[in-house]
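Within every chain, numbering begins at 1; the chains are lettered A, B, ... in the order of the sequence lines, protein sequences first and strands thereafter.
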Amino acid sequence: MNWNFDVLPDFIFNGLSLGAIYGAVALSLVLIFKATTLINFATGELAMLGAFLVYVLHMEQGIWLWLSMAIAMGLSAGLGVLIERTLTRPFDPEDHLPVVLITLGLFLIINAVAGDIWNYQVRILTNPFGKFPDWVPSLGGDRYVEVLGSRLKYQSIGIWLTLALALFALSLILNKTKAGLAFRAVSSNVESARLVGVHTGRTLGFGWAIASAFGTLGAVLVAPQLGGVNPNMMATILIYALAGAALGGLDSQGGAVLGGILVGLIQAVLVTWGGVVVFGQLYMSILQLAAAFLIILIVLLFRPAGLFGTRRVERV
Amino acid sequence: MQRVALLEVSDITVRFGGIVALDDLSFTMDEGQILGLIGPNGAGKTTLFNVVSRIYDPTQGSVTFDGQDLTAMSAHEISRVGVYRTFQNLALWPGMTVIENVMVGDHTNTKSNVLSSALRLPSMRSEEADLRDRAWAALDELNLTDVAYSPAAGLPFGTLKRIELARALIANPRLIMLDEPASGLTHSEVDSLAQDIKDLRDRHNLTVLLVEHHMRMVLGISEKLVVLNFGRKIADGDPDVVRNDPEVIEAYLGSS
Amino acid sequence: MSTPLVVVAKDSAEHKKWKYAQWLYLAGFLLLTPLVLEPFEIGKMNRALVLSVAILAVNLVVGFNGMLALGHSAFMGIGAFVTASMVQDENWDYWQVIPIVLIVGFIMGVIIGLPALRVKGLYLALVTIAQAAVFPTLVNIDELGIAARTGGPNGKGVSEEVIAPDFLQWLPGVTGARGGSAYRYWIIVVMIGITLMLVTNYLRSRPGRAVLAIRDNEAGAAVYGVNLPVVKTMNFAISASIGSLAGLMWCLDKGFVAGQDFTFLLAIDLIIGLVLGGVGTIQGSIVGGLFVVWVNDLTKRISIPLGLYTLNGDGPLAKAIFGLILILFTFFAPGGIVSLARMVQAKLIRVVPLAPSGEPIQPIESFDPGMESTRADAAMKLSIAGPVCLAIGWLAMNINSLIVGVFAFGFRMIILFAPVAVLVATNELKAHAEGKRPDSIKGPANTARLLGLLGTAFVIVYAAQRFILNY
């Protein structure tokens with residue numbers, strides 16, 4: 001058999017940058033899960049909507065890309081709060097079915113409305129890390145640097161740096177602000193938090209807000225890899241993010257990020273050894289999706305709480 | 001007459017993280033006895049129930065029932081040896097009628113499977129008819145036939161507690177563990193419940209492990225008392241002796 | 001109205017009459033459907049009934065066992081592809097494939113259910129969502145001969161035509177223009193009938209009660225000897241099995257299967273049907289299937305004149321309307337259409353169960369409202385409402401508006417309650433003869449009886465005329 005190790009680093013770099021994006025979306029899932037113990041199946045669609053906001057602000061209105069992203073993240077956060085307050089708060093989070101139905105309904109509505117406004121064609125969105133900015137000295141090419149004889153794209157570096165920065169900001173918010181403290185209190189025990197005077201409703205909204213903002217960030221970063229934005233762009237990303245969250249543990253922020261990155265790496269390895277070499281190019285995407293499914297199944301079989309999640313003790 | 005020890009709890013310790021819910025607890029229970037397990041809130045009474053019914057794993061120690069090691073069994077196997085319980089905050093199934101709740105009570109001793117049920121084979125039909133009659137009899141014994149076909153929800157708390165009792169009775173239990181059966185009842189209801197428990201014990205040859213805060217009732221019907229405080233046993237034995245134990249009085253007065 | 005209009009002891013003669021009337025209506029509905037609908041509408045009805053079976057499968061897990069399984073589109077797909085391959089490639093008959101499909105579905109259910117059901121809560125939702133998303137891509141894999149069997153991206157057609165044999169030519173609808181789809185309709189109806197009977201038996205006995213007990217309180221179920229993982233997995237596998245059967249019916253109905261038929265969107269359609277019909281009720285599954293197909297049809301037809309129908313196939317806003325309906329039902333009618341229907345039913349009839357002695361658990365007489373009875377008035381109103389609504393509905397049908405048309409159709413159905421008015425009026429007159437009612441009820445009761453009889457006669461004549469005309 002003809003193993004093709006030469007392309008491996010390329011795929012690993014790519015896997016790491018895709019994985020980081022899965023991690024961002026997985027983090028969005030986990031933040032909401034921690035706050036309200038529900039899986040928001042509309043996470044991907046909310047993120048897609050955020051990416052379209054960036055598209056409108058930047059591509060149509062000509063606003064500076066990074067400012068557009070900031071505005072879009074702010075607006076998604078607001079939408080998250082609105083959804084939490086109006087649609088999910090009336091329901092008991094321990095009763096999973098209604099909240100799952102609500103988020104599925106949102107999934108349909110957001111996807112359809114976006115499809116109606118922007119239709120289902122792919123629209124190009126500027127890549128924030130298309131090529132190195134002018135002030136960076138030349139490192140071998142204007143889009144990549146040579147590492148281990150492979151090309152490490154500026155795009156990958158940019159994604160890692162952006163997400164690292166965002167994670168740093170998130171940990172500051174969670175650990176140094178009052179709202180963050182309240183969030184951690186609520187996610188470890190809603191009842192006790194309420195008893196000591198934490199405004200739980202506001203805190204749940206806060207969880208939805210940062211989760212939605214993170215989703216939007218992930219969608220904007222992933223768009224260039226998909227050729228642009230379109231209403232169905234997050235469908236498969238969401239599955240990988242779910243796999244990442246299950247792998248890392250649904251209630252662990254760090255776990256979500258690492259889980260997402262691991263899913264990206266597993267994909268890379270599959271593509272290199274399985275996809276390209278064994279099965280041929282065509283089946284890459286099939287194997288990747290199937291891999292996500294298998295990851296979830298295997299994690300549940302051997303480590304139901306995920307790699308970093310906590311087991312819960314039942315109370316009767 | 002010499003009675004035989006039926007339930008033997010030995011050296012049970014349960015830890016949740018740093019908290020010791022039960023600390024090296026041991027006691028025995030004779031067949032046919034009514035044993036009152038008392039102690040202030042948080043003393044570990046319900047934790048013991050959860051250990052015996054295998055919802056919790058003890059950190060160490062063992063529970064034997066009639067010579068069999070219960071700690072080696074899983075939760076759904078406990079009913080096979082005849083150990084049943086009620087719950088402090090009810091564990092009825094509100095989506096079914098009262099009589100169906102009681103019918104599930106004898107799940108362990110009935111046999112119909114998916115195939116015989118879907119096809120309504122004769123074996124299943126006769127078992128079902130018999131089960132329904134026995135469920136009715138159990139409800140009748142506790143004066144619950146009026147609500148037999150109501151959903152097991154939205155009824156008075158006391159009624160729901162009696163439904164739990166009927167559900168446990170239908171399976172001919174050997175040991176029945178009652179978790180605060182008198183909570184939410186009026187004074188006169190408590191008295192009649194105490195009489196009922198005695199009568200049921202005599203009629204069905206039960207052994208009763210009773211957790212209850214209602215002191216008059218516990219002292220009135222228990223033949224043996226075990227007193228817990230902060231997960232530790234501080235006294236056990238004859239109720240009249242235990243109630244005058246200074247440490248017991250201290251635990252109760254000190255904590256309230 | 002505090003007591004219902006009719007109170008009967010279970011299995012009493014009067015209760016049986018009531019049940020026969022219900023069966024008669026059902027039979028009338030089933031017989032007339034293939035006769036009066038256009039061929040393409042019968043096709044839609046078939047699709048609706050197939051979805052009903054799939055929704056029943058979802059309901060078994062979600063509604064009756066409280067486990068969130070959201071990916072039954074995949075089980076349908078497995079059933080459909082196994083059927084297509086066996087019938088097309090191996091020349092098996094459809095009925096020979098049924099056991100294979102059931103077994104394959106069951107095994108897939110065990111494989112997926114076993115790991116997912118060991119842990120609580122939302123993990124099953126995670127696995128099954130992924131399962132639904134992955135399935136359409138799996139059928140394209142070249143290895144192991146999968147793509148050859150499934151037809152890969154092109155899908156697979158089944159050339160064997162389903163035509164009624166000579167000895168079944170008497171079935172309503174199967175001769176003439178709508179023959180093919182009408183015959184398939186009858187096959188599907190019979191299969192659904194058998195499935196419903198088996199599932200109902202299962203749910204109303206020991207194993208089914210264990211399934212419900214797990215939903216309502218797991219700890220309680222375990223203490224009473226229910227082996228949680230075994231019962232959950234068994235129930236999930238049965239559900240997967242029924243889902244695969246729905247796939248077989250899909251293949252039989254359409255004669256063509258493709259991976260793109262069984263996407264995540266189909267899985268969501270099943271969930272919507274479940275919620276619309278009624279979570280945790282058997283009838284709800286059937287109602288849900290009918291509504292998913294007809295509401296989808298309706299939203300499409302409504303969105304065209306509003307200019308919202310911008311794409312080929314499903315207009316995007318049709319999906320948005322579905323999403324909205326899902327959210328509205330979750331908020332305002334979590335019990336679905338069946339729970340609304342049961343509220344109406346509770347106003348009409350109460351069946352008093354029997355004690356083992358054979359006596360009703362409460363005497364029927366204790367429900368009698370006595371001299372204050374308003375039943376005769378209610379019966380009269382019901383008997384008048386029927387013809388009035390029929391007239392309004394008939395007039396409204398001429399207004400060329402789809403929404404008005406739907407309401408008009410519903411209005412006209414009120415005439416179906418005419419026999420209830422007759423029954424109630426007769427009871428009241430009997431009570432009057434026994435001296436339990438004042439003379440003042442005679443007028444309304446007689447009116448109700450007369451109008452009710454006329455209405456009943458109208459329903460029978462109308463149905464018979466439609467039947468004879470089209471048969």
| said: Does any backbone or side-chain atom of C:I272 lie under 4.5 Å from a heavy atom of chain A? Answer side chain, backbone, both or neither. | reply: side chain
| query | Thinking salt bridges, do C:K319 and C:D269 make one under a 4.0 Å N-O criterion? | reply | yes
| query | Side chain, backbone, both or neither: which part of C:I112 has a non-hydrogen atom closer than 4.5 Å to chain A? | reply | both
| Test side-chain contact (heavy atoms from CB on, under 4.5 Å) applied to A:F41 and A:L29, A:L101, A:L106, A:T103, the passing residue | A:T103
| query | Which bit of A:L87 is near chain C, if near means a heavy-atom gap under 4.5 Å: side chain, backbone, both or neither? | reply | both
| task | Among the options C:L324, C:V279, C:I129, pick out the one with the most heavy-atom pairs lying under 4.5 Å from chain A. | result | C:I129
| query | For the residue pair C:F75 and C:F135, is the inter-centroid distance of their aromatic rings smaller than 6.0 Å? | reply | no
| message | Is it true that C:S285 and C:N59 share a donor-acceptor pair across their side chains at a distance under 3.5 Å? | response | yes
| message | Heavy atom to heavy atom, less than 4.5 Å: which residues from residues 60-73 of chain C reach chain A? | response | C:V62, C:L68, C:L70
| query | Counting only N and O atoms by type, is there a donor-acceptor contact under 3.5 Å from the side chain of A:S187 to the main-chain atoms of A:K34? | reply | no
| message | Looking only at the aromatic ring of each residue, does the gap between the centers of A:F107 and C:F264 stay below 6.0 angstrom? | response | yes
| Can you list the residues that meet the ring-ring contact (aromatic ring centres under 6.0 Å, His included) rule with C:F106, with sequence neighbours excluded? | none
| query | With distance as the sole criterion, is a donor-acceptor pair present between the side chains of A:Y55 and A:N230 under 3.5 Å? | reply | no
| Heavy-atom contact with chain A under 4.5 Å, split by part of C:I268 | side chain
| message | Does any backbone or side-chain atom of C:V275 lie under 4.5 Å from a heavy atom of chain A? Answer side chain, backbone, both or neither. | response | side chain
| Heavy-atom distance under 4.5 Å to chain C: side chain of A:P98, backbone, both or neither? | both
| message | Is it the case that over 12 heavy atoms from other parts of the model lie below 6.0 angstrom from the CD atom of A:E60? | response | yes
